[in-house]
Amino acid sequence: MSQKIQAIRGMNDILPEQSIWWQWVEENIIALASAYGYQEIRPPVVEKTELFKRSIGEVTDIVEKEMYTFEDRNGDSLTLRPEGTAGCVRAVLEGGLIHNQSQRLWYRGPMFRHERPQQGRYRQFYQLGMEAFGFAGPDIDAELILITANLWQRLGLTSGVTLQLNSLGDPESRARYREQLVAYYQSHHAALDDDSRRRLESNPLRILDSKNRQMVEINRNAPQFFDHLDHGSREHFDQLCRHLERCGIAYEINPRLVRGLDYYSKTVFEWVTDRLGAQGTICAGGRYDGLIPQLGGRESAAVGFALGMERLILLLQQTEEAPPLARSPHAYLLLLGDAAQQQGVAIAEKLRQQLPRLRLTLHCGGGSLKSQFKQADRRGAEVALILGDDEVASATIGFKPLRERREQQQLTMSQLHSQLQQLIEGEK
RNA sequence: GUGGGCGUAGUUCAGUUGGUAGAGCCCUGGAUUGUGAUUCCAGUUGUCGUGGGUUCGAGUCCCAUCGUCCACCCCA
C-alpha cells in the first residue's frame with residue numbers, strides 16, 4: 001500500500017457531521033441578508049498581491065508574514081485572499097457598482113492565512129461578511145450590528161456573546177492621538193515589555209490591548225482616545241449608541257478596542273465570547289471610509305463586518321443541546337430478489353420525477369432484507385418501501401413507517417404516490 | 001516564528017518494573033429461509049505516527065523527525 005496523503009496543516013475537511021451545522025448557519029444568514037436587502041457578491045479567491053498590500057497595510061502581520069503569495073506563470077505576484085473586504089471593494093469599483101449609487105452586499109467563502117493553527121483559527125478559514133457602500137451615517141452602522149444581533153437570536157445564541165464598541169475617529173484625530181500615545185509610551189520605555197516595544201513601531205494603538213498583566217498599570221494611565229475624538233466622529237458615535245438603545249441592543253464601550261487592519265476609521269465593533277479559549281472574537285467590523293480612494297475609487301463611505309464561521313459554529317456547538325436536524329430521507333427503498341433489483345432503479349427514479357421534493361434513498365448493493373432495514377433505520381428514513389418478488393408479482397409496494405406505530409401496508413403505485421405526497425406535505 | 005501536551009483498530013481509549021497487542025462503540029453475519037431501532041451469539045479490523053539507538057527481547061527506555069492539540073504573537 002502506498003503512503004496516505006494528508007490534508008495540509010490548518011486546512012480541514014468539513015465532514016457530513018459538521019456540514020449540517022454549516023448549512024444551518026448559512027441558511028439563516030442567506031435569509032437575513034435578503035430580509036435586510038443585501039445582495040451576494042462573489043469575488044475570486046486569488047487577487048494580485050498588490051491589492052492586499054495597499055488595503056490591509058504594508059506593515060501588518062498579515063501582509064508581512066501570513067499571506068499565501070506565489071508567482072503566476074507569467075510572473076505576476078498573486079495571493080490567496082487573507083480577508084474579504086479588499087476583493088469586495090476591488091470588484092465593486094471594477095464593476096462600477098458604486099458610481100453615484102449605494103450598495104448593500106454580502107459574501108462568504110474561504111480565506112487563507114499562514115498562521116499556527118489553534119482552537120478557532122485555521123489556515124483556510126471561512127468568513128461571512130457584509131459591506132455597505134455609499135452610506136455615511138450611523139444608521140447603516142446600526143443596521144449591520146442589528147443584522148448580527150438578529151443572527152445570534154435566530155441561531156439560539158441568547159447569552160455568551162457581548163457587543164463591544166469604539167470609535168477610532170477620523171484620520172486626523174487618530175494621527176494626533178497616535179502621536180500623543182507614542183510620546184507617552186516613549187516616556188515609559190523602560191516599563192514596556194518586548195511585544196509593546198515592537199508595537200510602538202508597528203501599531204502603537206495595539207499596546208492598549210495588551211494581554212500582559214505587566215502592562216495593565218501603564219495602560220490605565222495612558223491618554224484616552226475618547227478625549228481626542230473629533231466632533232464629527234463623536235456625534236456619529238453617540239447617534240449609533242442611541243439607535244442601538246432604541247432597538248434594545250446592549251453594548252459595552254471598550255476604548256481599547258483597536259482594529260488590526262489599517263483601513264478602519266470611526267466606528268469599530270466586535271462581538272466577543274469567553275467560551276472559545278484565546279480566540280474570543282467571533283465577529284468584527286467597522287467603518288473604512290478611507291479605503292476606497294486608496295484603491296483608486298472616488299471618495300465614498302463604506303462600512304462592513306466579517307464573522308468567523310468556524311468560531312461561530314464552535315460556539316454554537318457548545319451552546320446548543322442538539323445538532324440541527326439533518327435532512328434525512330422521507331423514504332428508503334429496499335429491494336429483494338432479482339426481479340426487484342432489476343426494476344428498483346427505474347421505480348425510484350420515476351417516484352423522484354413525480355414528486356420533486358421527495359427525498360428517496362435507493363438501497364444499492366443487495367444484502368439481506370434485515371440488513372437493508374438496518375440501513376433504512378440508520379439513515380433516518382421516515383418509511384421503508386419494500387419491493388420483493390411478491391410485490392413485483394402483485395404490482396404493489398410494501399410501505400412501513402419506521403418512526404411511528406402504524407401497520408405496514410401493501411399499496412398500489414397510485415396509493416404509494418399519495419402516501420408519499422402526504423409525507424412531504426406533513427413536514428413543517 | 002516561539003513554548004507546552006499528546007500520537008496504539010474506522011472511532012473512543014486501556015496496555016503493569018521492558019516479556020507474543022486488548023476493550024467499548026461501529027461494521028458484518030446469525031438466533032427469525034421477507035422486517036429496523038431492544039436482546040443474545042459469533043466474526044473482521046493494527047507499519048503501536050516514522051526512522052534510528054539501547055536490549056536476549058521495545059507499544060513501554062533514549063535520540064531524531066513528522067503529525068496533532070493548546071497557548072504566545074497576530075487575527076474572524
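So that the names make sense, note that chain A is the first sequence line, chain B the second, and so on, each numbered from 1.
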| said: Using a heavy-atom cut-off of 4.0 Å across all strands, would you classify Q372(A) as base, sugar-phosphate, or nothing? | reply: nothing
| said: Check this one for me: any side-chain N or O of R403(A) less than 4.0 Å away from OP1 or OP2 of G36(B)? | reply: no
| message | Under 4.0 Å, counting only non-hydrogen atoms across every strand here, what does R379(A) touch: a base, just sugar-phosphate, or nothing? | response | nothing
| field | Test: K400(A) cationic atom under 6.0 Å from F373(A) six-membered ring centre, within 45° of axis | value | yes
| task | Classify the side chain of Q408(A) and the base of U35(B) as holding, or not holding, a donor-acceptor pair under 3.5 Å. | result | yes
| message | Let's test this: given Watson-Crick or G-U wobble pairing with both distances under 3.5 Å, identify the partner of C72(B). | response | G1(B)
| task | Name the residue closer to the 5' end of RNA chain B, choosing between T281(A) and F373(A) according to the nucleotide with the nearest heavy atom. | result | F373(A)
| request: Please state how far atom CD in Q341(A) lies from atom C1' in G34(B), giving the value in whole angstrom units. | output: 14 Å
| remark: Closest of G36(B), A71(B), A76(B) to the R311(A) side chain is A76(B)
| said: Just the rounded figure in Å: distance from P of G10(B) to CD of E17(A). | reply: 17 Å
| Using 30° and 60° as the class limits, which term best fits the ring planes of F226(A) and F237(A): parallel, tilted or perpendicular? | perpendicular
| query | Could you go step by step and tell me if K374(A) and D377(A) meet the salt bridge (charged side-chain N to carboxylate O under 4.0 Å, His left out) rule? | reply | CA-CA 5 Å; K374(A) 266 188 180 166; D377(A) 183 51; over 6 Å; no
| task | Sticking with atom C1', work out how far U17(B) lies from C13(B), rounded to a whole angstrom. | result | 23 Å
| said: Between R378(A) and C27(B), is there a contact of a side-chain N or O with OP1 or OP2 at under 4.0 Å? | reply: yes
| Atom CG of L333(A) to atom C1' of G34(B): distance rounded to whole Å? | 15 Å
| request: Would you mind telling me which residue lines up with the more 5' stretch of RNA chain B, E83(A) or I8(A), judged by nearest nucleotide? | output: I8(A)
| task | Identify whether any heavy atom of I282(A) sits under 4.0 Å from a base atom; if not, whether one sits that close to sugar-phosphate; answer base, sugar-phosphate or nothing. | result | sugar-phosphate
| request: In whole angstrom, give me the gap between the C1' atoms of C26(B) and G10(B). | output: 8 Å
| task | Check every strand shown and say whether R116(A) touches a base, only sugar-phosphate, or nothing at a heavy-atom separation below 4.0 Å. | result | base
| message | Are there over 12 heavy-atom neighbours, none belonging to R403(A), within less than 6.0 Å of that residue's CZ? | response | yes
| remark: Separation of G36(B) atom C1' from L402(A) atom CG, nearest Å, is 6 Å
| note | Checking U35(B), A76(B), A71(B) against the side chain of Q119(A) (C-beta onward), the nearest is A71(B)
| message | Counting the atoms with a prime plus P, OP1 and OP2 as sugar-phosphate, which does E391(A) contact under 4.0 Å by heavy atoms, base, sugar-phosphate, or nothing? | response | base
| task | Could you check which nucleotide pairs with C6(B) in any of the strands shown, counting Watson-Crick or G-U wobble with both distances under 3.5 Å? | result | G67(B)
| query | Can you check salt bridge (charged side-chain N to carboxylate O under 4.0 Å, His left out) on R359(A) and E382(A), steps first, answer last? | reply | CA-CA 10 Å; R359(A) 293 192 301 273; E382(A) 289 295 320; over 6 Å; no
| Inter-nucleotide C1' distance (G53(B), A14(B)), Å rounded | 28 Å
| task | Could you check whether G120(A) gets within reach of a base, just the sugar-phosphate, or nothing at all, counting any heavy atom under 4.0 Å? | result | base
| task | For K400(A), report the nucleic acid contact type (base, sugar-phosphate, nothing); a contact means any heavy atom under 4.0 Å. | result | base
| query | Do the side chain of K370(A) and the base of U35(B) come within less than 3.5 angstrom through a donor-acceptor pair of N or O atoms? | reply | no
| task | Choose from G67(B), C73(B), A76(B) the nucleotide whose nearest atom is closest to any side-chain atom of D195(A). | result | C73(B)
| For D377(A) and C27(B), what is the distance between atoms CG and P respectively, to the nearest whole Å? | 10 Å
| Would one find a side-chain N or O of R206(A) under 4.0 angstrom from OP1 or OP2 of C74(B)? | no
| field | d(CZ, F112(A); C1', C75(B)) in whole Å | value | 16 Å
| query | Using atom P of each nucleotide, how far apart are G36(B) and C27(B) to the nearest Å? | reply | 15 Å
| task | Tell whether E115(A) reaches the base of G1(B) with its side chain through a donor-acceptor pair below 3.5 angstrom. | result | no
| Using 30° and 60° as the class limits, which term best fits the ring planes of W21(A) and W24(A): parallel, tilted or perpendicular? | perpendicular
| field | Same-atom distance (P) from G1(B) to G59(B), integer angstrom | value | 33 Å
| field | K374(A), nearest nucleotide to its side chain (from A37(B), A76(B), C73(B)) | value | A37(B)
| Minimum side-chain heavy-atom gap Q119(A)-L314(A) below 4.5 Å | yes
| Pair Q410(A), T396(A): side-chain N/O donor-acceptor within cut-off below 3.5 Å | yes
| request: Determine whether any donor atom in the side chain of R121(A) lies under 3.5 Å from an acceptor atom in the base of C74(B), or the reverse, and answer yes or no. | output: yes
| message | With rounding to the closest Å, how many angstrom separate the C1' atoms on G52(B) and G24(B)? | response | 36 Å
| Out of G29(B), A71(B), U68(B), which has the shortest distance to the side chain of R9(A)? | U68(B)
| Short side-chain N/O contact from Q118(A) to OP1 or OP2 of A71(B), under 4.0 Å | yes
| request: Provide the distance between the two C1' atoms, one in U55(B) and one in C62(B), to the nearest whole Å. | output: 12 Å
| 4.5 Å side-chain heavy-atom contact, D389(A) and D338(A) | no
| task | For C25(B) and C66(B), measure between their C1' atoms and round to the nearest Å. | result | 30 Å
| Residue L369(A), side-chain heavy atoms: nucleotide from G34(B), A76(B), G36(B) that is nearest | G34(B)
| said: Using a 4.0 Å heavy-atom cut-off, does A284(A) contact any base of the nucleic acid, only the sugar-phosphate backbone, or nothing at all? | reply: sugar-phosphate
| query | At under 4.0 Å between heavy atoms, what does L312(A) touch on the DNA or RNA strands: base, sugar-phosphate, or nothing? | reply | nothing
| message | Measure CD/E66(A) against P/C75(B) and give the value in whole Å, please. | response | 8 Å
